[in-house]
Amino acid sequence: MANARRTLLIVIGIVVIGFIAIQFVPGFARTNPPVTNQIQWDSPRTEQLMRTACYDCHTNETVWPWYSQIAPMSWLVVHDVDEGREKLNLSTGRGEMDEAAEKIRDGSMPPRIYTILHPDAILTAEQKDELIAGLQASLGGQRGGEGGQGEGGESGEGDND
């Protein structure tokens with residue numbers, strides 16, 4: 001019994017030391033590069049839906065939650081934000097609006113891992129329709145794509161450094 005207890009304490013100690021040690025492993029940088037593309041939303045409602053469900057991963061205006069400071073969760077959060085910005089970044093004009101609308105429509109955006117921690121980002125069918133219509137009205141003329149142009153002709157390349 002004493003051996004089992006001692007082994008358990010050693011395992012717990014190793015786990016605690018390991019958890020503390022990974023906090024010092026350089027991970028991914030939490031960044032918010034400059035916003036170079038200002039969007040003229042068709043309505044305050046569209047902007048509110050976007051801010052609630054999409055802004056943290058698809059703009060340079062990410063609100064980094066407390067758990068994004070603690071490894072290994074921080075590595076996952078930063079990776080997901082970097083990937084989201086690569087696919088669609090409203091702050092730089094990079095991305096394809098038709099693809100974004102389709103992902104909202106089919107329910108793959110916002111992703112479940114995000115909505116678990118941000119339940120206010122769960123959109124009803126009506127909110128999805130409203131958001132898609134608002135996106136098309138607000139951004140229909142802004143077609144980005146890889147290296148797309150933001151306002152003023154600034155390139156979207158390299159904005160995720």
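All residue numbers in this chain count up from 1 along the given sequence.
- With no hydrogens or angles considered, a side-chain donor-acceptor pair links Asp42 and Ser138 at under 3.5 Å.
- The CD1 atom of Ile116 sits 9.0 Å away from the CD1 atom of Ile122 when rounded to the nearest 0.5 Å.
- Note: Ile104 CD1 to Met97 CE = 9.0 Å, rounded to the nearest 0.5 Å.
- We find that Arg94 and Glu86 are joined by a salt bridge, their nearest charged nitrogen and carboxylate oxygen being less than 4.0 Å apart.
- Here the side chain of Gln23 pairs no donor or acceptor atom with the backbone of Ile70 at under 3.5 angstrom.
- In this structure the side chain of Leu117 reaches within 4.5 angstrom of the side chain of Met73, judged on heavy atoms.
- In this structure, His58 contributes its side chain and Asn89 its backbone to no donor-acceptor pair below 3.5 Å.
- Residues Asp80 and Trp75 form no side-chain contact, since every pair of their non-hydrogen atoms from C-beta on lies 4.5 Å or further apart.
- Heavy atoms only, all atoms of each residue included: Val77 and Ser68 are closest at CG1-CB, 3.9 Å.
- Annotation: side chain of Asn60 is not in contact with side chain of Leu90 (no heavy-atom distance under 4.5 Å).
- Summarising the geometry of Ile132 relative to Ala101, their closest heavy-atom pair is CD1-O, 3.5 Å, with the distance given to 0.1 Å.
- Side chains of Ser74 and Arg30 form a contact here, defined as non-hydrogen atoms less than 4.5 Å apart.
- Side-chain contact between Tyr55 and Thr62 is absent, with no heavy-atom pair separated by less than 4.5 Å.
- Judged purely by atom type and a 3.5 angstrom limit, Thr52 has no side-chain atom pairing as donor or acceptor with the backbone of Leu49.
- Cluster annotation: Phe19 is not connected to Leu9 through the hydrophobic network of ILVMFWY side chains, with a link wherever side-chain heavy atoms come within less than 4.5 Å.
- Under a hydrophobic-cluster definition in which Ile, Leu, Val, Met, Phe, Trp and Tyr are linked whenever side-chain heavy atoms come within less than 4.5 Å, directly or via other members, Tyr67 and Val63 are assigned to different clusters.
- Using a distance-only test at 3.5 Å, with no hydrogens or angles considered, no donor-acceptor pair links the side chain of Thr115 to the main chain of His118.
- Looking at Val35, Thr31, Thr36 one by one, the single match for side chain to side chain contact (heavy atoms under 4.5 Å, CB included) with Pro33 turns out to be Thr31.
- Here the straight-line distance linking atom OG1 of Thr46 with atom CD of Gln136 works out to 10.5 Å at 0.5 Å rounding.
- At a threshold of 4.5 Å between non-hydrogen side-chain atoms, the residues Leu131 and Cys54 count as touching.
- Under the 4.5 Å side-chain criterion, counting only non-hydrogen atoms from C-beta, Asp56 is not in contact with Trp64.
- No hydrogens or angles considered: a donor-acceptor pair under 3.5 Å links the side chains of Gln48 and Arg45.
- The hydrophobic cluster analysis finds Tyr114 isolated: no Ile, Leu, Val, Met, Phe, Trp or Tyr side chain comes under 4.5 Å of it, directly or through other members.
- When the shell of 6.0 Å around NZ of Lys128 is examined, it contains more than 12 heavy atoms from other residues, nucleotides or ligands.
- Between atom CG of residue Asn3 and atom CG of residue Leu8 there is a gap of 12.0 Å, rounded to the nearest 0.5 Å.
- Between Glu83 and Lys87 no salt bridge is recorded (no basic side-chain N to carboxylate O distance below 4.0 Å).
- The minimum heavy-atom distance linking Leu123 with Pro110 is given by the pair CD1-CD, 4.3 Å.
- Formation of a donor-acceptor pair under 3.5 Å by the Glu102 side chain with backbone atoms of Glu99 is not found in this model.
- No side-chain heavy atom of Thr59 sits under 4.5 Å from any side-chain heavy atom of Met50.
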